[in-house]
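Note that the coordinates shown come from a computational prediction; the quantities given were computed from them, not determined experimentally.
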Amino acid sequence: MLAIPALAGERQWLKTATVGGAGLGLFAVQAWLWPIQFREYLTSVNLQFRLNPQFVFGQASPGI
C-alpha cells in the first residue's frame, strides 16, 4: 500500500517513508510496549490460520 503514493508523485516520497518507518518501528517494539496484547494477537492469528482454511487456501494460492 505504501508503493501507490510513492509512485504517484515526486513529493510523496518523504511522507511515504515516514509512515513506513513509523509502522515498521511500531511493529518492532509492540512486543515490548504491549506484551500481553501482542501475545494474544499472535494467538488469535494462529487460531485463524489453523481453524479457518480459507485463510490458507485463497484465490491466489495453488489448489490441492
Which donor-acceptor pairs under 3.5 Å do side chains of residues 16-30 form with protein atoms, sequence neighbours excluded?
unit_1	atom_1	unit_2	atom_2	d
T16	OG1	Q12	O	2.7
T18	OG1	L14	O	2.7

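The number of heavy atoms from other shown groups lying within 6.0 Å of CG (L47) is above 12.
Listed by chain and residue number, W34 satisfy the side-chain contact (heavy atoms from CB on, under 4.5 Å) test with Q37 (two or more places apart in sequence, or in another chain). For V45, the side-chain contact (heavy atoms from CB on, under 4.5 Å) test picks out Y41, F49, with sequence neighbours left out.
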